[in-house]
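So the structure is just underneath, and the comments pick up after that.
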Amino acid sequence: MAASTPNMSKAQQQIGRLPIAPIIPDLLATLALHPRVIVSAPPGSGKTTGLPLCLLDAPWLAGRRILLLEPRRLAARMAANWMASLLDEPVGQTVGYRIRLEKKISSATRIEVVTEGILTRMLQDDPSLAQIGAVIFDEFHERSIHADLALALCLDMSESLREDLRILIMSATLELDPLHRLLDEAPLICGQGESYPVALRYLPPALTRQQPNHLYDFQHTVRITTAAVIQAFNEQGGDLLVFLPGIGEIKAVADRLGVLAQEQNCLIRPLYGDLSGSLQDEAIRPGRQRRIVLATSIAETSLTIEGITTVVDAGYRRSPRFDPNCGMTRLITERVSQAGAKQRAGRAGRLGPGICYRLWAEAFHQTLPPHNRPEILEADLCRLALELCQWGVKDPSELAWLDLPPAGPYAQAITLLHDLGAVDGNGSLTPHGQKLATLPLHPRLGHLLLIGAELGQLDAACDLAALLSERDPILPAPHGERSADLELRFMALAAFRQGRQGELRSLNGDLSSCRRIDQVSKRLHQLGNQPKKHPNASFGLGSLLVYAYPDRVANCRPDSPERYLLAGGRGARLAIGDPLAGLAFIVAPIIDAGHREGRIFLAAEITLKELRDLHHQLISSHSKLYWDERDCLVSRKEERIGAIVLSTTPQAVLEPNLMLQALLTRIRKEGLSILPWDRKARNFQARINSLRCWQPEAGWPDLFEATLLENLEDWLAPYLNNLLCLSQLASLNLLAILEAGLSWEQRNLAAQLTPVQITVPSGTRHPLEYTDDGRSPILSVRLQEMFGLEDTPLVCNRIPVLLHLLSPASRPVQVTSDLRGFWDTTYPLVKKELQGRYPRHHWPGDPRTAPPTARIKKKKN
DNA sequence: CTCTCCCT
């Protein structure tokens with residue numbers, strides 16, 4: 001190693017003792033030839049601190065810096081401190097770090113440890129990374145959305161600008177094949193770790209719970225986990241770490257373990273993210289008493305707990321999933337992955353051999369998903385979409401990904417960016433979008449900051465953006481709910497800033513969260529634009545929030561003070577008894593989408609007056625027509641914010657065109673039978689439709705039901721002017737209306753070709769009944785009236801009518817279209833019967849020449 | 001019955 005690096009020999013000795021040491025020569029040789037390399041080594045191998053130091057004197061580095069990416073701030077700071085201490089230097093010399101709000105870097109710095117978001121910003125500012133010779137992705141198996149994005153950008157950039165850039169991916173457990181392909185068959189180097197064996201014991205619950213997709217059962221999980229903890233506590237010595245999906249389960253199990261804790265003099269320590277910093281520290285710190293630490297997945301990767309020899313894994317995790325349909329995220333409870341379970345078990349083997357109790361069957365283990373789903377498949381992609389737009393990418397598939405950002409959430413993200421004015425119709429960033437990209441915030445909150453600054457509300461906007469992007473500074477009461485009211489958070493922040501500790505405590509405020517929010521807010525203040533003067537602008541919190549969350553304006557429902565309707569169309573509710581409940585309007589930026597109804601966690605009041613005065617652009621106003629109970633049209637003017645109706649005012653004057661449209665829509669819905677059809681109109685329709693069948697080329701109009709419904713505007717609408725009620729339809733003369741659709745010539749021709757009536761030999765006129773489908777029209781006539789006629793009468797010059805021949809009492813005798821055939825073959829047969837039944841009538845032997853009659857025969861003289 | 005991180 002080069003003499004230019006101070007104290008390298010001492011560092012070299014230390015690194016030589018790490019489990020990762022044997023692969024270092026191989027790694028150096030490989031990196032000299034291949035710019036992209038994958039290193040796989042288990043936790044505890046020393047790769048995070050050992051490898052970057054070994055690369056310092058590589059010739060290809062040519063004086064440039066090494067970037068080491070860490071997924072968490074704490075890990076970044078610790079890695080930098082550890083490497084600096086190996087060099088006997090303070091951090092900030094050869095080794096430095098950069099995380100949000102904190103930077104220890106100097107001109108001498110050669111290794112820069114950064115958190116993942118920082119790399120994205122560096123790339124956006126200098127896409128060639130001119131000062132950087134190597135980028136190392138640590139803990140890449142966690143597949144955070146930031147790491148995936150940063151890798152996609154790095155690969156894109158290195159291909160076009162920097163083929164010499166070394167990209168080193170370090171991973172503990174990962175499906176390496178896809179990564180291998182993504183990196184053009186990059187060489188893979190595997191190293192050993194140093195951890196102790198962990199024995200696995202499977203404690204399967206009842207068989208019915210083994211189905212891969214069974215519904216999650218809170219009480220069942222609490223029951224079996226409690227039992228397993230007691231068993232493990234009695235069977236093993238040392239401290240226990242228990243993995244549960246969430247705070248609810250942790251509290252329930254803690255309650256059930258109370259007796260054990262007293263009898264055995266052991267400590268029950270909950271551990272989850274919302275816990276105050278001091279309580280988290282207390283859970284992590286080993287002591288003289290035996291401990292049972294009840295943790296969420298926070299202990300899987302983020303926190304290491306000393307002294308644990310036994311792990312109990314309930315087998316579930318809770319994780320967020322973005323729903324592009326409602327633009328919100330919901331928490332789901334899902335089975336732990338095989339990789340996650342391995343990680344959890346590994347927590348028992350840090351100091352010596354350990355044991356892990358798994359609450360599922362060994363055979364069932366194979367049905368668990370192999371890995372946690374990458375965050376990019378489940379997260380809100382708004383920020384990622386903004387970065388891609390800034391990178392100049394219109395379609396994510398232009399870049400190379402392990403998992404392409406899913407289309408639904410991506411489209412939702414672009415829509416939101418468009419609504420915020422950050423991208424134009426082409427998907428290019430607007431100047432406003434450019435500014436949003438430079439702010440370390442979700443685009444919604446960046447928008448809030450910029451608008452707030454413009455309105456002279458920079459202070460409030462910074463506090464709001466910081467509050468909404470950091471952990472809630474109000475802690476949940478031990479067994480109670482916490483109010484969703486954002487004002488409480490502002491009160492806690494004010495109490496913190498003014499050093500009023502007692503007030504902060506009485507609000508159940510968390511000191512470390514307040515400190516963090518205050519820092520972030522101050523930083524945002526520097527980034528925000530200079531406030532313009534708006535002397536009269538005094539904004540409520542809610543009013544400011546609406547700029548970032550116009551879709552989360554919510555209106556109290558009449559049935560319950562806790563239930564609200566969101567402008568986006570979904571329902572959401574406050575906790576029972578929340579002081580905000582009952583307010584007519586709130587804005588709710590933090591919501592869990594839930595299943596049927598969402599849950600509101602943070603909200604602020606807004607008044608109708610504020611909505612009208614300051615957010616009139618959200619209010620749409622239009623007339624809407626309704627059918628009243630008498631099926632008459634009434635008009636109301638409606639003001640809305642999305643799904644929320646602000647007001648309805650009855651209107652006396654109806655817009656004729658809207659009335660007509662409403663009427664036509666109603667007729668389409670009900671069908672043509674709602675119109676006053678009579679026999680004449682139906683027969684006319686049938687005649688014209690028959691003509692259309694018989695003379696397809698003659699241009700007869702189409703009066704079939706489906707076509708008429710489709711063309712209501714053309715043939716019916718002119719007769720519907722000023723009609724208000726369905727009952728008024730009865731006054732329509734449908735025959736006249738249909739006839740008007742034919743020319744004078746067509747009408748005459750139709751009358752000639754398809755007569756309405758026909759005169760039979762007896763001299764009587766009988767109606768012809770037509771059908772729609774071109775079958776022969778029906779002529780119902782007494783048999784005797786047809787005497788003297790040889791052939792079937794025709795319509796349309798060639799279509800024989802269908803004769804329904806009747807007895808003198810109008811009973812059916814025969815149906816035929818062939819009168820001649822009837823006279824020849826059937827008449828002689830029926831004649832005998834008719835004579836018997838109707839003896840007073842005349843039944844001639846030769847009906848073709850006999851005179852027709854409708855009367856009974858004369859008495860014999 | 002609220003997961004966890006992260007942002008010049």
Side-chain angles (χ1 to χ4, degrees), chain A residues 69-76 98-103 105 112 114-126 139 142-150 215-222 243-253 271-275 295-303 316-322 329-334 336 340 372-373 375 378-380 382-384 386-387 436-443 445-446 449 465-466 469-472 474-476 481-482 484 516 519-520 523-524 526-527 575 590-595 598-602:
Chain A
L69 246 68
E70 289 295 326
R72 278 166 291 278
R73 290 189 285 251
L74 184 68
R98 251 201 288 184
I99 60 178
R100 192 184 195 190
L101 304 183
E102 206 177 331
K103 179 159 93 168
I105 302 277
E112 199 174 319
V114 299
T115 40
E116 289 165 338
I118 303 258
L119 174 62
T120 308
R121 298 270 33 93
M122 292 172 78
L123 279 161
Q124 297 282 19
D125 291 345
D126 171 16
E139 313 276 16
E142 290 189 14
R143 295 294 309 281
S144 80
I145 190 169
H146 305 284
D148 274 10
L149 172 64
L215 288 176
Y216 177 71
D217 183 337
F218 180 96
Q219 290 300 337
H220 181 257
T221 300
V222 168
F243 283 98
L244 285 160
I247 298 172
E249 290 88 346
I250 288 176
K251 285 182 174 160
V253 171
L271 181 58
Y272 47 87
D274 256 2
L275 218 54
T296 61
S297 53
I298 191 173
E300 193 174 305
T301 49
S302 310
L303 294 174
Y316 290 93
R317 60 182 286 140
R318 219 159 259 144
S319 59
R321 189 157 296 178
F322 183 73
T329 298
R330 73 167 54 90
L331 272 185
I332 57 158
T333 308
E334 59 186 352
V336 70
N372 290 341
R373 282 169 64 81
E375 193 183 0
E378 320 216 302
D380 175 0
C382 196
R383 181 75 220 190
L384 178 125
L386 185 71
E387 301 288 355
L436 291 186
T438 64
L439 293 172
L441 288 169
H442 187 281
L445 297 177
L449 194 69
S469 54
E470 295 295 321
R471 187 159 284 161
D472 192 339
I474 300 277
L475 299 169
E481 302 281 356
R482 58 183 150 182
R516 178 83 196 153
Q519 281 177 337
V520 172
R523 174 82 189 118
L524 294 177
Q526 295 162 6
L527 296 171
I590 308 290
I591 300 182
D592 182 284
H595 297 287
R599 179 68 205 277
I600 299 170
F601 295 112
L602 274 186

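Not measured: the values here are computed from a predicted model. Computed over heavy atoms, backbone and side chain alike; hydrogens, waters and symmetry mates excluded. Note on naming: letters A, B, ... go to the chains in the order of the sequence lines (proteins, then strands), and numbering restarts at 1 for each one.
With contacts defined as side-chain heavy-atom distances shorter than 4.5 Å, the pair A:N372/A:R143 does not qualify.
For the pair A:R516 CZ and B:dC5 P, the interatomic distance rounds to 12 Å; values are reported in whole Å. One atom, CD of A:E378, and another, C1' of B:dT4, lie 12 Å apart when rounded to the nearest Å. The distance from atom CD1 of A:I250 to atom C1' of B:dC3 is 11 Å, rounded to the nearest whole Å. Rounded to a whole Å, the CZ atom of A:R321 is 15 Å from the C1' atom of B:dT4. With rounding to whole Å, A:F601 atom CZ is found 13 Å from B:dT4 atom P. Between A:E139 atom CD and B:dC5 atom C1' the separation is 13 Å, expressed in whole Å. Separating the CG atom of A:L524 from the C1' atom of B:dT8 is a distance of 13 Å, rounded to the nearest angstrom. To the nearest angstrom, P of B:dC5 lies 10 Å from CG of A:L271.
The pair A:E387-A:R121 meets the salt-bridge criterion, with a side-chain N (NZ, NE, NH1 or NH2) lying under 4.0 Å from an Asp/Glu carboxylate O. A:E300 has a carboxylate O that lies under 4.0 Å from a charged side-chain N of A:R317, or vice versa, which qualifies the two as a salt bridge.
Here the closest non-hydrogen pair linking A:H442 and A:D380 is NE2-OD2, 2.9 Å.
Contacts of A:L441 with the nucleic acid, taken as non-hydrogen atoms under 4.0 Å apart, include base atoms. Residue contacts for A:R73: at a heavy-atom cut-off of 4.0 Å it reaches the sugar-phosphate backbone alone, with no base atom in range. Using a 4.0 Å heavy-atom criterion, one finds that A:L331 contacts the bases of the nucleic acid, with or without backbone contacts as well. Among the heavy atoms of the strands lying under 4.0 Å from A:S469 is at least one base atom, whether or not backbone atoms are also near. A:P320 comes within 4.0 angstrom of a nucleotide base, judged by non-hydrogen atoms across all strands. Here A:I590 lies out of heavy-atom contact (under 4.0 Å) with every strand. Counting non-hydrogen atoms under 4.0 angstrom, A:T296 reaches the backbone sugars and phosphates but no base. In this structure, A:R471 reaches the sugar-phosphate backbone alone: every heavy-atom distance under 4.0 Å involves primed, P, OP1 or OP2 atoms, never a base. The residue A:R72 sits close only to the backbone: its heavy atoms come under 4.0 Å of sugar-phosphate atoms, none of a base. Contacts of A:D125 with the nucleic acid, taken as non-hydrogen atoms under 4.0 Å apart, include base atoms.
Taking the nucleotide of DNA chain B with the nearest heavy atom to each of A:K103 and A:P245, the more 5' of the two is matched to A:P245.
Between the side chain of A:R373 and the backbone N or O of A:E378, no donor-acceptor pair lies under 3.5 Å. Checking side-chain atoms of A:E375 against main-chain N and O of A:S144 turns up no donor-acceptor pair under 3.5 Å.
In this structure, of B:dC7, B:dT2, B:dC5, it is B:dC5 that holds the atom nearest to the side chain of A:I298. Closest approach to the A:I99 side chain among B:dT2, B:dC7, B:dT8 is made by B:dC7 (side chain taken as heavy atoms from C-beta onward). Here the side chain of A:R318 is nearest to one of B:dC5, B:dT8, B:dC3, namely B:dC3.
Contact check, A:T438 against B:dT8: no side-chain N or O comes under 4.0 Å of OP1 or OP2.
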